[in-house]
Each structure stands twice: as structure tokens, then as C-alpha cells.
Visitor: 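Here it is: the structure, laid out below.
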Amino acid sequence: MILEMVRANGAVSLRELARVVQTSEVTVRRDVRALEAEGLLDRRHGGAVLPGGFTRESGFPQKSHLATAEKTAIADLAANLVEEGEAIVVGAGTTTQELARRLARVPGLTVVTNSLLVAQALAHANRVEVVMTGGTLRGSNYALVGSGAEQSLHGLRVSRAFLSGSGLTAERGLSTSNMLSASVDRALVQAASEVVVLADHTKLGTDTMFQTVPTDLITRLVTDEPPAHDDRAATELQALADQGVQIAVAGGPGGSSAGVGGPGGDSVPARQQRRDVPLPGPRRQVPGAGGGLRSATMLGEQSPGAERARVADLRRR
């Protein structure tokens, strides 16, 4: 059953596997290890994928069924970072598509995107202006890529970019398996003053072929709560925080006692909690960028020791 799910979807999280086969994640992880030893699949942090190494990339149908609850929580939290009247860029991906659905209620917003799915999610939002890049359609993820897309971004300046990818590590930053997608994502980053990465825990510690955003250019990571046994994801979060990335965790039991207020006065449901690891020091910005990330709510300043203790607590749980 595990092999059938992975073959049908390209990638499946351990949580989803455990739910379908009605057993614990510990048992599923043991079975996944055995299947990997036979060369039938590859393990990823928090999940399993078809064998294929760095160059394999799942298409939209497969990605849309992976970590759906986590992506929803991340999108809810990330939407709170967007303010009325802002101009932003939103890259391609299933997580950014979820974000776009929530941005439809932000008045006066301008969204620049190379994603047909993001544009479609905002197509009927009366108070949101959507600007699409040019380029060649890449059917596997419904994104516009190539020189046309990159050239249309030259000279553009917006407040922040929201990007997803195939993997995220403290050593290399955000990466993807496709060269054309990586090139457009880099152009999106150059257009923004700040970069917000949306990545669920299954992508933490995963390194893919083409780097899109180096760690020192990532302002904030919005992710979900890793499972208690996922030490590698927690270690990666600690390493990212040590390099100055602000971390917001959605759905964590250690979050604040109330939802975070969102655009237009909406609030995130109680289960969508947030914890921030503040920047421990100055950040290097994209050339020409200015200002720090403005968030709906921010935790008070804490000492570096307190920041490390916060993420260490996450690792223990």
C-alpha cells in the first residue's frame, strides 16, 4: 500500500501514510526504510518519494496531495504578513497557491506572479491587481519560465517575495529540481526587498539540484511543526535560526494562546498558532533593499540564548 501511494502521488508524507494504513508513524518509518533498502523508493525528511535523486521533480498533481494540512497552516500564517496596499511577488508552487487564495481579501494588493495557479486563485478578487510575467508555459507546475519571464521582472521593485521550492537547508538555502524554475525564482528574489520562504517540514534538510535563494538572502521561513521524532528537521531549523533567518511555525502546541490577527481584522484559527525566532543580528539584504520585515505581530526581543532554547524545545518535542 505504501508503494502504491508513492507511485500514484510521487511523494507522500509519513503522516499521510500513517493515516491511510492506520498505524503509527514509527511503524511506517520502519517500513519505508525497508523499501528504500530494496531500492523501491527514496526517503525524505518526513516522507517518501519515488527513487530518482536530485533531478526528479514531482508534477502538480503529485505535489497537491502532499502535506496538504501543513500547507494550509503555512498559508494561513504567511497571509498575516501581507498588508493592505502592498506590492509583492508570489512564485509558483502548491503552497504559494494556498497563500494566494487567502490574499484575495487584502484590499489594494498588487501581486506579480509567474504562476497560472496563483493568478487563477486571485482572478475574481475585486480589490487585488494581478500582474503576470511573460514566458513559456511549463505544464508540470503551470508556471511561466524562460527568458521572457525573467526579462519582464527587470526593473521591478516590490516589498517582499513569497517563494516555495523542493528543498531547504541552512547550508545552501532554498533549492529546486528544475533549472528554468530556479532561474525565474532568482529573478523574483532580485525584485524584492525581503524574501519569505514557505516550506513544510518535509522539505527541511532536503537538498535539490539548483539553488534558488541562498540562506543569507532569506528573511523569514514560514513552516509547520515538525513531528516530535523528526530530529533532522528540528536541527535544520536551529541551523537556519543561527544564520539569522526568522522562523514562524504554524500549528505548534507551544505557540501563543490566541490567533494572530490577519488582514482586514481576520484571525488565524486557534490551531494555527505561531512562534517566531527573532533575528539574532544584522541581516544582509538583496542589493537595493531596505527595511526589516513588517509583521502583524512580533515577539519581543530576546537574547540569543533564549532563541536557542526556543528551537531546542522544538527539537525535544
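Remember, it's a predicted structure, so these values are computed and weren't measured experimentally. Values reported hereafter were calculated over all heavy atoms of this structure, with side chains retained and with hydrogens, waters and symmetry mates removed.
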Visitor: Would you find a donor on one side and an acceptor on the other, under 3.5 Å apart, between the side chain of E86 and the backbone of E83?
Guide: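 The answer is yes, because a donor-acceptor pair under 3.5 Å joins these two groups.
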Visitor: Got a second to check how far D207's CG is from E236's CD, nearest 0.5 Å?
Guide: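 Result: 9.0 Å between the selected atoms.
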Visitor: With rounding to the nearest 0.5 angstrom, report the CG to CZ distance, L14 to R19.
Guide: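 One gets 13.5 Å once the value is rounded to the nearest 0.5 Å.
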Visitor: Just how far is it from atom OG1 of T113 to atom CE of M132, taken to the nearest 0.5 Å?
Guide: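 Reported value, rounded in 0.5 Å steps: 6.0 Å.
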Visitor: Is the shortest side-chain N to carboxylate O distance from E98 to R102 below 4.0 Å?
Guide: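 Yes.
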Visitor: For a quick test of reading the model, state the closest non-hydrogen atom pair linking A187 to L153 and the distance between them.
Guide: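 The pair with the smallest heavy-atom distance is CB-CD1, 3.6 Å.
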Visitor: Considering non-hydrogen atoms only, spot the tightest contact between G134 and S152 and give its length.
Guide: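 G134 and S152 have their closest heavy atoms at N-OG, 3.5 Å.
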Visitor: Does E36 have more than 12 heavy atoms from other residues, nucleotides or ligands lying within 6.0 Å of its CD?
Guide: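 Yes, the 6.0 Å shell around CD holds more than 12 heavy atoms from other groups.
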Visitor: Any idea which heavy atoms bring R105 and A79 closest together, and the distance?
Guide: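 Minimum heavy-atom contact is NH2-CB, 4.4 Å.
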Visitor: Go through it in stages, so that I can follow the logic: the residues are N114 and L188, the test is side chain to side chain contact (heavy atoms under 4.5 Å, CB included), and I'd like the CA-CA distance, side-chain angles, deciding distance and then a yes or no.
Guide: CA-CA 9 Å; N114 70 318; L188 292 172; 4.0 Å; yes
Visitor: Measure across T223 and A199 and return the closest heavy-atom pair with its distance rounded to 0.1 Å.
Guide: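 That would be OG1-O, 2.7 Å.
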Visitor: Test side chain to side chain contact (heavy atoms under 4.5 Å, CB included) on T136 and L144 and set out the steps.
Guide: CA-CA 5 Å; T136 303; L144 297 172; over 6 Å; no
Visitor: Where do T169 and R172 come nearest, in terms of heavy atoms and distance?
Guide: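 Minimum heavy-atom separation between T169 and R172: OG1-N, 3.1 Å.
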Visitor: Which residue is it: V197, D185, V189? I am looking for the one with a side-chain contact (heavy atoms from CB on, under 4.5 Å) to L174.
Guide: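 Result for side-chain contact (heavy atoms from CB on, under 4.5 Å) with L174: V197.
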Visitor: Heavy atoms only: give me the nearest A92-S115 pair and the separation to one decimal.
Guide: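 Looks like CA-CB, 3.7 Å.
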Visitor: Report yes if the side chains of I88 and V112 come closer than 4.5 Å at any heavy-atom pair, otherwise no.
Guide: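 With C-beta onward as the side chain, the pair stays apart.
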Visitor: Can a donor-acceptor pair be found between the side chains of K71 and T94 at a distance below 3.5 Å?
Guide: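 Present: a donor and an acceptor within the cut-off.
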Visitor: E70 side chain to H201 main-chain N or O, any donor-acceptor pair under 3.5 Å?
Guide: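 Between the backbone of H201 and the side chain of E70 there is no qualifying donor-acceptor contact (under 3.5 Å).
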Visitor: Do D76 and R101 sit within salt-bridge range, that is, some charged N less than 4.0 Å from a carboxylate O?
Guide: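 No.
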Visitor: Can you find a pair of side-chain heavy atoms, one from V90 and one from L122, that are under 4.5 Å apart?
Guide: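 V90 does not reach L122 side chain to side chain.
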Visitor: Check the pair S193 / R160 against side chain to side chain contact (heavy atoms under 4.5 Å, CB included), numbers first and verdict last.
Guide: CA-CA 5 Å; S193 296; R160 56 175 66 96; over 6 Å; no
Visitor: Taking the side chain as C-beta and beyond, is there a heavy-atom pair between V245 and R220 under 4.5 Å?
Guide: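 No - every pair of side-chain heavy atoms lies 4.5 Å or more apart.
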Visitor: Any side-chain heavy atom of S159 sitting closer than 4.5 Å to one from E194?
Guide: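 Not in contact.
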Visitor: Passes side chain to side chain contact (heavy atoms under 4.5 Å, CB included), L198 versus V196? Steps please.
Guide: CA-CA 7 Å; L198 312 181; V196 181; 4.0 Å; yes
Visitor: Please check this pair: side chain of T27 against backbone of T23, looking for a donor-acceptor N/O pair closer than 3.5 Å.
Guide: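 Here the side-chain-to-backbone pair does not exist.
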Visitor: Give the cluster check for V26 versus V21: same hydrophobic cluster or not, with ILVMFWY residues linked at side-chain heavy-atom distances below 4.5 Å.
Guide: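 No; tracing contacts between hydrophobic side chains, which count when under 4.5 Å, never links both residues.
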Visitor: Under 3.5 Å, is there a donor-acceptor pair between the N178 and T176 side chains?
Guide: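 T176 and N178 do not have a side-chain donor-acceptor pair below 3.5 Å.
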Visitor: Measuring from T219:OG1 to Q246:CD, what's the distance to the nearest 0.5 Å?
Guide: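 Result: 7.5 Å between the selected atoms.
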Visitor: side-chain contact (heavy atoms from CB on, under 4.5 Å) with V111: which of V89, V128, L99?
Guide: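 Passing option: V128.
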Visitor: Find the distance between CD1 (I74) and CG (D224) and round it off to the nearest 0.5 Å.
Guide: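 If I round to the nearest 0.5 Å, the distance is 4.5 Å.
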Visitor: Do E150 and S183 pair up side chain to side chain, a donor and an acceptor below 3.5 Å, judged on atom types alone?
Guide: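 Yes, side-chain donor-acceptor contact under 3.5 Å.
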Visitor: Taking side chain as C-beta onward, heavy atoms only, is V32 less than 4.5 Å from L17?
Guide: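 Yes; the side chains approach each other to less than 4.5 Å.
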Visitor: Does any donor atom in the side chain of S164 or K203 lie under 3.5 Å from an acceptor atom in the other side chain?
Guide: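 The answer is yes; a qualifying pair exists.
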Visitor: When you compare the side chain of P227 with that of R15, does any pair of heavy atoms fall below 4.5 Å?
Guide: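 Sidechains of P227 and R15: in contact.
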Visitor: Quick one: are F162 and V222 in side-chain contact, heavy atoms under 4.5 Å?
Guide: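 No, every pair of side-chain atoms sits at 4.5 Å or beyond.
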Visitor: Find the distance between OG (S13) and CD (E25) and round it off to the nearest 0.5 Å.
Guide: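 Going from the OG atom of S13 to the CD atom of E25 covers 7.5 Å.
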Visitor: With respect to L168, which candidate in T206, L237, L240, V213 satisfies the side-chain contact (heavy atoms from CB on, under 4.5 Å) definition?
Guide: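 Of all the options given, the one that passes is L240.
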Visitor: Quick one: are L35 and I2 in side-chain contact, heavy atoms under 4.5 Å?
Guide: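 Yes, close enough: below the 4.5 Å cut-off.
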Visitor: Using modelled atom types and a 3.5 Å cut-off, is there a donor and acceptor pairing between side-chain atoms of T96 and backbone atoms of G93?
Guide: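 Between the backbone of G93 and the side chain of T96 there is a qualifying donor-acceptor contact (under 3.5 Å).
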Visitor: Taking atom types as modelled, find out whether Q211 and S175 have a side-chain donor-acceptor pair closer than 3.5 angstrom.
Guide: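 The answer is no; no qualifying pair exists.
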